[in-house]
2 protein chains.
Amino acid sequence: MKSNQTENNLPEPTKAELEILQVLWEFGPSTVRFVNDKLNEQREVNYTSTLKQMQILTEKGILKRDESQMKHIYIPVEAEEKTKDQLLDRFVNTLYKGSASKLMMQLLGNEKTSKSDIKEIKRLLDSMD
Amino acid sequence: MKSNQTENNLPEPTKAELEILQVLWEFGPSTVRFVNDKLNEQREVNYTSTLKQMQILTEKGILKRDESQMKHIYIPVEAEEKTKDQLLDRFVNTLYKGSASKLMMQLLGNEKTSKSDIKEIKRLLDSMD
DNA sequence: CTAAAGGTACGATAGTTTTCGTACGAAACA
DNA sequence: TGTTTCGTACGAAAACTATCGTACCTTTAG
């Protein structure tokens with residue numbers, strides 16, 4: 001058996017799980033119905049599939065839920081930023097041997113990064129010291 | 001059947017596949033034996049497992065190979081930077097709605113990003129215009 | 001010439017993730 | 001009150017990924 005845990009001791013979310021987290025991050029605590037509707041704006045998913053995923057997410061401790069009503073309300077256990085930090089960390093370690101600046105350079109060399117993005121970043125950097 | 005293709009029309013590499021790509025990126029075109037030895041410096045993998053993965057990678061069009069010798073030489077079809085660009089793109093789109101500056105900010109707010117990283121980035125930005 | 005070493009091919013198994021069907025309870029409503 | 005609608009629970013199939021055993025071919029050493 002593999003454990004696949006982050007430093008935080010929470011298993012890292014899979015792809016499908018991440019989709020669900022995004023909805024919860026964007027819209028706050030929600031019912032399965034709501035999340036499923038949101039997902040279906042992008043692709044077809046069966047309601048029970050989403051339900052199952054959210055139950056699994058809860059088993060894993062990534063979500064918790066309020067069961068006081070019949071319509072359970074699901075809530076991410078960790079804050080969006082924290083989870084993203086972990087994923088980002090993993091990403092940097094995997095692809096850039098942990099060098100944030102390497103990743104940055106890749107990003108800056110990428111035509112997808114807009115002028116306004118770059119200005120924004122400069123401003124941020126200047127305000128850092 | 002799902003296709004899971006990048007904009008480049010190449011399927012995205014899985015985790016185990018990425019490990020192999022990293023070796024090829026670092027050391028250049030290599031035999032299975034060489035790649036397998038490198039992998040085994042980090043974790044135990046059976047030779048035929050690595051072979052199989054590299055064959056799959058070839059089927060997928062991510063690697064090509066020179067079969068003129070008995071010891072086949074495997075070569076990444078796309079350059080390291082290009083592949084990483086795609087993965088990075090995916091990552092940014094998935095987690096940051098495509099905003100590079102959001103990702104940067106996350107990275108900068110992360111204690112993992114060192115002072116020297118930040119200096120490096122500033123220098124890069126200044127030299128950009 | 002033969003055995004051993006080392007290569008590829010590939011099916012099968014195991015493990016993981018994703019999806020869905022079915023069961024069944026609670027609420028809404030005609 | 002019965003039936004339809006909407007919810008949860010959950011097993012199991014389907015899809016994808018990873019690992020390995022076995023077969024078999026080529027090269028090399030003796």
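Letters go in sequence order (proteins before strands), and every chain restarts at 1.
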Please state how far atom CD1 in Ile62(A) lies from atom P in dT17(C), giving the value in whole angstrom units. 10 Å
Per the under-4.0 Å heavy-atom filter, residues of residues 26-50 of chain A near DNA chain C come out as Arg43(A), Asn46(A), Thr48(A), Ser49(A)
Only counting residues at least two apart or in another chain, list the ones meeting ring pair (Phe, Tyr, Trp, His ring centres under 6.0 Å) with Phe34(B). Phe27(B)
Thr58(B): partners by side chain to side chain donor-acceptor pair (under 3.5 Å), with sequence neighbours left out: none
According to side chain to side chain donor-acceptor pair (under 3.5 Å), who are the partners of Glu81(A), at least two apart in sequence or on a separate chain? none
Rounded distance in Å - CD (Glu67(B)) to C1' (dT8(C)): 10 Å
Take the protein atom NZ of Lys52(B) and the nucleotide atom P of dT13(C), then report the distance between them rounded to whole Å. 14 Å
Fellow cluster residues of Val77(B), listed by chain then number, with links counted only when side-chain atoms sit under 4.5 Å apart: none
Spacing of His72(A) atom NE2 relative to dG25(C) atom P, expressed in whole Å: 15 Å
Looking at CD of Gln53(A) and NZ of Lys60(A), how far apart are the two atoms once the value is rounded to the nearest 0.5 Å? 8.0 Å
Rounded to whole Å, the CD-P distance (Gln53(B) to dT19(D)) equals 6 Å
Within the sub-3.5 Å range, which N or O atoms of nucleotides 24-30 of chain D have a protein N or O partner, and how far apart are they?
none

Report the residues that fulfil side chain to side chain donor-acceptor pair (under 3.5 Å) with Glu67(B), sequence neighbours left out, ordered by chain and then residue number. Arg65(B)
Is the side chain of Glu59(B) donor-acceptor paired with the backbone N or O of Ile56(B) at a distance under 3.5 Å, no angle test? no
side-chain hydrogen bond (donor to acceptor under 3.5 Å, both in side chains) pairs touching residues 28-37 of chain B, sequence neighbours excluded, are Asn36(B)-Asn40(B), Asn36(B)-Thr50(B)
Starting the side chain at C-beta, find the nucleotide from dA18(D), dG7(C), dA9(D) nearest to Lys15(B). dA18(D)
For atom CD1 of Ile56(A) and atom P of dT16(C), their distance in whole Å: 13 Å
Could you state the CG-P distance from Asp66(A) to dT8(D), rounded to the nearest angstrom? 12 Å
In whole angstrom, give the distance that lies between atom NZ of Lys71(B) and atom C1' of dA5(C). 11 Å
Could you tell me whether the phosphate oxygens of dA9(D), OP1 or OP2, come under 4.0 Å of any side-chain nitrogen or oxygen in Gln55(A)? yes
Donor-acceptor pairs under 3.5 angstrom involving side-chain atoms of residues 19-26 of chain B: please list them, not counting sequence neighbours.
from, atom 1, to, atom 2, distance (Å)
Glu19(B), OE1, Arg43(B), NE, 3.2
Glu19(B), OE1, Arg43(B), NH2, 2.8
Glu19(B), OE2, Arg43(B), NE, 3.2
Gln22(B), NE2, Thr94(A), O, 2.9

